[in-house]
Amino acid sequence: PTITSVDINSTDPTTNNTDVNITIYPRNVSDLDGDIVSNISNWFVDGTNAAVFFMPFETNISNSSSGSVNVREYSGLGNNGTIMENAFWTTTLGCIRGGCYRFDGSDDTINSSADSDLAFTSRHNFTITAWINFTGVDGTTYGAIVTHYNNSLSTSWNSWEFYARSTRQLDFFVRGN
């Protein structure tokens with residue numbers, strides 16, 4: 001792909017403070033093969049990645065030698081995911097940009113090795129963002145959207161979960177230190 005320029009806008013261009021929103025707008029984007037081009041920006045603050053887990057689902061990457069399907073994660077921490085059960089990638093079922101995954105609400109997951117990077121507790125500040133098209137939960141009272149469980153043999157059990165109830169209510173919990 002080719003991008004001729006990028007516009008950067010701030011919600012307050014008179015300052016360079018950390019409490020303003022910065023948005024980029026790629027201009028004159030093209031691809032020689034006519035493929036759709038999606039912008040994926042990885043933001044850094046003082047040389048440190050602002051995200052510990054960034055998976056926009058824009059593409060489906062298959063590993064033909066192992067038969068597994070990998071989902072690319074862009075934080076730079078190597079937390080790529082592996083499709084488990086029957087989640088499938090599509091470009092047509094209500095996707096915002098590029099592509100999205102469809103989960104049946106029962107056993108489909110994307111498994112990542114991001115255990116230590118996502119080990120937040122109630123003492124940490126963190127943000128979770130997810131675009132979902134909730135059509136219901138099949139056969140259960142809730143459907144997990146993003147979760148982290150660490151039930152190691154240590155004395156603390158740190159976990160968190162962002163999930164949807166069958167009533168379409170979104171809930172979040174944190175358990176641990």
Side-chain angles (χ1 to χ4, degrees), residues 1-104 108-120 124-135 143-148 160 162 164 170 172:
T2 302
I3 300 173
T4 59
S5 66
V6 175
D7 294 340
I8 302 175
N9 290 342
S10 168
T11 53
D12 185 356
T14 62
T15 69
N16 193 22
N17 294 339
T18 59
D19 62 346
V20 298
N21 291 327
I22 298 173
T23 307
I24 64 168
Y25 298 98
R27 301 291 183 198
N28 301 317
V29 178
S30 63
D31 182 78
L32 289 176
D33 300 330
D35 296 332
I36 295 172
V37 178
S38 296
N39 174 54
I40 299 170
S41 299
N42 200 2
W43 296 95
F44 290 80
V45 177
D46 295 328
T48 301
N49 196 327
V52 295
F53 192 74
F54 181 32
M55 194 174 276
F57 296 159
E58 91 300 347
T59 189
N60 187 31
I61 304 168
S62 297
N63 182 340
S64 58
S65 63
S66 69
S68 66
V69 177
N70 297 314
V71 182
R72 184 165 181 194
E73 191 273 328
Y74 287 89
S75 73
L77 298 173
N79 295 321
N80 294 327
T82 302
I83 300 291
M84 310 301 284
E85 302 302 328
N86 296 314
F88 70 92
W89 188 80
T90 181
T91 59
T92 59
L93 295 173
C95 303
I96 301 295
R97 302 256 331 190
C100 60
Y101 282 89
R102 178 154 175 100
F103 301 88
D104 66 13
D108 301 346
T109 63
I110 296 174
N111 188 20
S112 173
S113 61
D115 286 337
S116 62
D117 295 323
L118 299 177
F120 309 123
H124 292 90
N125 291 326
F126 63 96
T127 301
I128 295 174
T129 304
W131 290 67
I132 61 170
N133 181 10
F134 184 75
T135 58
I145 298 167
V146 182
T147 63
H148 175 267
W160 53 264
F162 176 43
L170 296 175
F172 186 81

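Residue indices begin at 1 and follow the sequence shown. Worth knowing before you read on, the calculation uses all heavy atoms, side chains too, and leaves out hydrogens, waters and symmetry mates. Quantities reported herein were computed from a predicted structural model and do not represent experimental measurements.
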Nearest heavy atoms of Ser75 and Ala51, plus distance in Å: CB-O, 3.4 Å
Sidechain-backbone polar pair: Thr11 side chain, Asn21 backbone, donor-acceptor under 3.5 Å: yes
Glu73 side chain near Phe54 side chain, heavy-atom distance below 4.5 Å: yes
Asn49 side-chain N/O to Asn42 backbone N/O, donor-acceptor pair under 3.5 Å: no
Phe162 CZ to Ile128 CD1 distance, which is reported to the nearest 0.5 Å: 7.5 Å
Value rounded to 0.5 Å, distance of OG1 in Thr2 from CG in Leu32: 6.0 Å
Distance (rounded to the nearest 0.5 Å) between Tyr25 OH and Ile8 CD1: 12.0 Å
Reported CD1-to-OG distance for the pair Ile22 and Ser41, which is rounded to 0.5 angstrom: 11.5 Å
Residue list, side chain to side chain contact (heavy atoms under 4.5 Å, CB included) with Ile3, at least two apart or on another chain: Val6, Pro26, Val29
Straight-line distance of Tyr74 OH to Asn79 CG, nearest 0.5 Å: 14.0 Å
Distance-minimising heavy-atom pair for Ile110 and Gly81: CG2-CA, 3.9 Å
Worked check of side chain to side chain contact (heavy atoms under 4.5 Å, CB included) between Val146 and Phe53: CA-CA 11 Å; Val146 182; Phe53 192 74; 5.9 Å; no
Asp12 and Thr14 side chains, donor-acceptor separation under 3.5 Å: yes
